[in-house]
Amino acid sequence: MRLSRYFLPVLKEDPAEAEIVSHRLMLRAGMIQQLAAGIYNWLPLGFRVLKKVEQIVREEMDRAGALEILMPTIQPADLWRESGRYDDYGKEMLRVRDRHDREMLYGPTNEENVTDIFRRHVRSYRQLPLNLYHIQWKFRDEVRPRFGVMRGREFLMKDAYSFDYDYAGAKRSYENMFVAYLRTFRRMGLTAIPMQAESGPIGGNMSHEFQILASTGESQVYYDAAFEELDLGSGEIDVEQLTNLYAATDEKHDPARCPVPPERLRTGRGIEVGHIFYFGTKYSKPMGATVTGPDGREVPVEMGSYGIGVSRLVGALIEAFHDERGIVWPEAVAPFRVGLVNLRPDEAECSRLADDLYAKLRAAGVETLYDDTEERAGSKFATMDLIGLPWQLVVGPRGARVGLVELRSRATAERQELSPESALARLTG
RNA sequence: CGGGGCGUAGCGCAGUCCGGUAGCGCAUCUGCUUUGGGAGCAGAGGGUCGGCGGUUCGAAUCCGCCCGCCCCGACCA
């Protein structure tokens, strides 16, 4: 993509409305624009990251055997009356009426909806296990939205719902998602610590929230160093062992009862990016979602649900990966892999070389943002640092004369003068 | 929902206390010079001062009501 043809409204100064670093940087890098409190427009650069994050979540859900569907944002109130939540949910739920004065709501979550799908089509235990998920916008009318997309009112969330015949099956489904979550966050370069959360009405320790570590996180967390040594790439993950590892948020951490020896106890700040829980027949029972078992008896299906805050993750990633100059994207979620900088578009030799590199990067399928604008060098560097693409490939008049370009790593600030050919080899290899 | 604060050009702000025809920096446009870390000079454009009402000869400024947004706390992917 040529920057001269792109829409990247970067800000030189910090917007007054933003307090925390991810919010500031998202606004400054032209990723988002606020439309109302807690409601954001996603501009091209931000949208690309959102899609990258979404795609990783999708791939890991698919890999775990979940099936993607898409449920609507607007739901009828009657469905929520069946579970009793219409009255329970309170003001967080945005309630609307259609032209026929029927009560509707903008979904804050989809348990009722997915349970309805299930009960209308699934009759037998033989059709289980089943896990349906979707990635859809939610709305929760938070009293106080803040921190940009980290706590918006409208947010993109992946929510999966598992259906099993019995508790043993539900536990397997839960553990399956547990592992998928660890893989998902790890792929984005994040260390996610699963923490035992408030146990549901039925499940013992079958509720975990996933906190990622970032110095600016909202809550103080304590955890076993073993989490940092997790190898998710190979072999089996022992969920039983993992769920027994110690991890707690500030409120629950009790030094007196902490089983981790001091030298293995780590502490940090955490941002909650996922939450999974088992809730048994909480919805299936009142809503009549039943299956017939091998014994011919009809029983309510065992359920669990599994959320990941997709849009929140974009903010959380920036909290985890930034420095004083801007964002430092991990490659897996970077909006572009390479920022190609033509320092002097007015010089023929310099531009010829930069154009040629751009064509070759494109041909090789490398996502490249090509700064072909008339801006000055300093401004170009500042913008590249701000938007945080992993690699900066700098073509200047000096180097062009002697056939050299400069490759810089945003993360390590390492710089190397190379021939265009070897720079290309590094980026395409 | 309690407490605090802010709405003036695209962005960041001054002006409001003490009423008198709206200003600064950045950005934008034109020209010249410059050109490896947010350039210099000269010129230009851009405003229902959040909205409505009131007081006054006269309101960004004083009074009332409303709207929006931010921050701290109690709650949440």
Side-chain angles (χ1 to χ4, degrees), chain A residues 9-20 23-24 27-28 30 33-39 53 57 89-93 107-111 133-160 181 184-185 192 197-198 207-212 218-219 249 251 271-277 305-316 325-326 341-347 350 371 373-386 392 394-401 404-406 408 413 415 417:
Chain A
V10 297
L11 303 174
K12 211 154 151 182
E13 292 169 285
D14 278 333
E17 71 205 61
E19 193 68 17
I20 65 163
H23 190 193
R24 277 207 310 269
L27 290 166
R28 286 197 52 208
Q33 187 178 50
Q34 178 166 310
L35 184 63
I39 301 177
V53 171
V57 171
Y89 219 91
K91 287 186 163 179
E92 269 206 348
M93 186 154 75
T109 177
N110 291 73
E111 278 83 3
Y133 79 97
H134 77 337
I135 299 170
Q136 176 65 291
W137 293 92
K138 308 288 190 293
F139 195 93
R140 292 182 193 171
D141 202 354
E142 299 277 347
V143 258
R144 192 187 156 210
R146 62 186 124 168
F147 305 149
V149 299
M150 296 246 289
R151 188 170 310 168
R153 289 192 291 174
E154 189 186 51
F155 56 95
L156 188 61
M157 174 172 156
K158 183 285 299 178
D159 39 326
Y181 271 41
T184 301
F185 299 128
E198 291 299 336
S207 177
H208 285 85
E209 46 184 58
F210 289 75
Q211 301 263 353
I212 64 148
E218 287 184 71
S219 43
T249 55
E251 306 84 61
I271 301 170
E272 186 187 352
V273 290
H275 199 160
I276 63 178
F277 42 93
S305 74
Y306 315 89
I308 289 180
V310 175
S311 49
R312 168 180 282 189
L313 262 170
V314 177
R325 295 201 308 275
V341 180
N342 181 356
L343 284 181
R344 291 293 298 276
D346 59 324
E347 284 210 0
C350 191
D371 188 344
T373 66
E374 306 287 337
E375 286 296 304
R376 301 173 61 82
S379 162
K380 292 189 173 197
F381 292 140
T383 297
M384 276 301 166
D385 288 345
L386 174 63
Q392 299 176 3
V394 181
V395 182
R398 275 199 326 242
R401 277 193 287 277
L404 287 176
V405 295
E406 187 178 281
R408 305 179 179 185
R415 303 178 178 194
E417 298 246 295

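Chain letters run A, B, ... following the sequence lines, proteins first and then strands; every chain starts at 1.
Within the nucleic acid shown, A/Ala36 comes within 4.0 Å of sugar-phosphate atoms alone, with no base atom in reach, counting heavy atoms only. Looking at heavy-atom distances under 4.0 Å, A/Ala382 makes contact with a base. The residue A/Pro397 sits close to a base: some heavy atom pair falls under 4.0 Å. If you check every strand for non-hydrogen atoms under 4.0 Å, A/Lys91 touches sugar and phosphate atoms only.
If you take CD of A/Gln33 and P of B/C69, they are 14 Å apart, rounded to a whole angstrom. Summarising the geometry, the separation between CD on A/Glu374 and P on B/G38 is reported as 18 Å, rounded to the nearest angstrom. When rounded to the nearest whole Å, the span between NZ of A/Lys12 and C1' of B/G37 equals 12 Å. Atom CG of A/Leu27 is separated from atom P of B/G12 by 10 Å (rounded to the nearest Å).
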A/Tyr89 and A/Arg140: side-chain contact (heavy atoms from CB on, under 4.5 Å), yes or no, with the steps? CA-CA 10 Å; A/Tyr89 219 91; A/Arg140 292 182 193 171; 3.9 Å; yes

Give the intermediate values and the outcome of side-chain contact (heavy atoms from CB on, under 4.5 Å) for residues A/Tyr181 and A/Val273. CA-CA 10 Å; A/Tyr181 271 41; A/Val273 290; over 6 Å; no

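Using the Watson-Crick or G-U wobble rule with both distances under 3.5 Å, B/C41 pairs with B/G31. Partner assigned to B/C57 is B/G20, using Watson-Crick or G-U wobble distances below 3.5 angstrom. Under the Watson-Crick or G-U wobble criterion, with both distances below 3.5 Å, B/G2 is paired with B/C72. Partner assigned to B/G7 is B/C67, using Watson-Crick or G-U wobble distances below 3.5 angstrom.
Of the residues A/Glu218, A/Glu142, A/Glu272, the one that meets the salt bridge (charged side-chain N to carboxylate O under 4.0 Å, His left out) test with A/Arg151 is A/Glu218.
Put simply, CD1 on A/Ile135 and CE on A/Met157 are 11.0 Å apart, with the number rounded to the nearest 0.5 Å. In this structure, the separation between CD1 on A/Ile20 and CZ on A/Arg146 is 10.0 Å, given to the nearest 0.5 Å. Atom CZ of A/Arg28 is separated from atom NZ of A/Lys12 by 10.0 Å, given to the nearest 0.5 angstrom. Rounding to the nearest 0.5 Å places NZ of A/Lys138 at 7.0 Å from CZ of A/Phe155. With rounding to the nearest 0.5 angstrom, the CG atom of A/Asp159 is 7.5 Å from the CD atom of A/Glu111. Within the model, atoms CD of A/Gln136 and OG1 of A/Thr109 stand 12.0 Å from one another, a figure rounded to the nearest 0.5 Å.
Spacing of C1' atoms, B/C70 relative to B/G54, comes out at 29 Å, to the nearest Å. As rounded to the nearest Å, B/U30 and B/A14 have C1' atoms that lie 29 Å from one another. Nucleotides B/U55 and B/G64, compared at atom C1', are 11 Å apart to the nearest Å. If you take atom P in B/G37 and the same atom in B/G10, they sit 32 Å apart, rounded to whole Å. The separation of B/A60 from B/U21, taken at their P atoms, amounts to 10 Å, rounded to a whole angstrom. Nucleotides B/A44 and B/G4 have their P atoms positioned 47 Å apart, rounded to a whole Å. Taking atom C1' on both nucleotides, B/G25 is separated from B/C71 by 26 Å, rounded to a whole Å. Between B/U33 and B/C17, the two C1' atoms lie 47 Å apart (nearest whole Å).
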Sugar-phosphate or base contact per nucleotide [nucleotides 72-77 of chain B; S, B, -; heavy atom under 4.0 Å]: BBBBBB

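For the residue pair A/Glu347/A/Asn342, the side-chain donor-acceptor check at 3.5 Å is not satisfied.
For B/G68, the OP1/OP2 oxygens have no side-chain nitrogen or oxygen of A/Gln34 closer than 4.0 Å. Between A/Arg376 and the phosphate of B/A39, there is a side-chain N or O to OP1/OP2 separation shorter than 4.0 Å. Between A/Lys380 and B/G37 there is no side-chain N or O to OP1 or OP2 distance below 4.0 Å.
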Under 3.5 Å, which N/O atoms of the protein pair with N/O atoms of nucleotides 9-11 of chain B?
unit_1, atom_1, unit_2, atom_2, d
B/C11, O2, A/Glu13, OE1, 3.4

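Taking the six-membered ring for Trp and thresholds of 30 and 60 degrees, A/Phe210 and A/His208 have ring planes inclined between 30 and 60 degrees apart.
Residue-to-nucleotide contacts include no donor-acceptor pair under 3.5 Å from the side chain of A/Arg24 to the base of B/G12. Residue-to-nucleotide contacts include a donor-acceptor pair under 3.5 Å from the side chain of A/Thr383 to the base of B/G38.
Taking for each of A/Leu343 and A/Gly38 the nucleotide of RNA chain B with the nearest heavy atom, the 5'-most of the two is the partner of A/Leu343.
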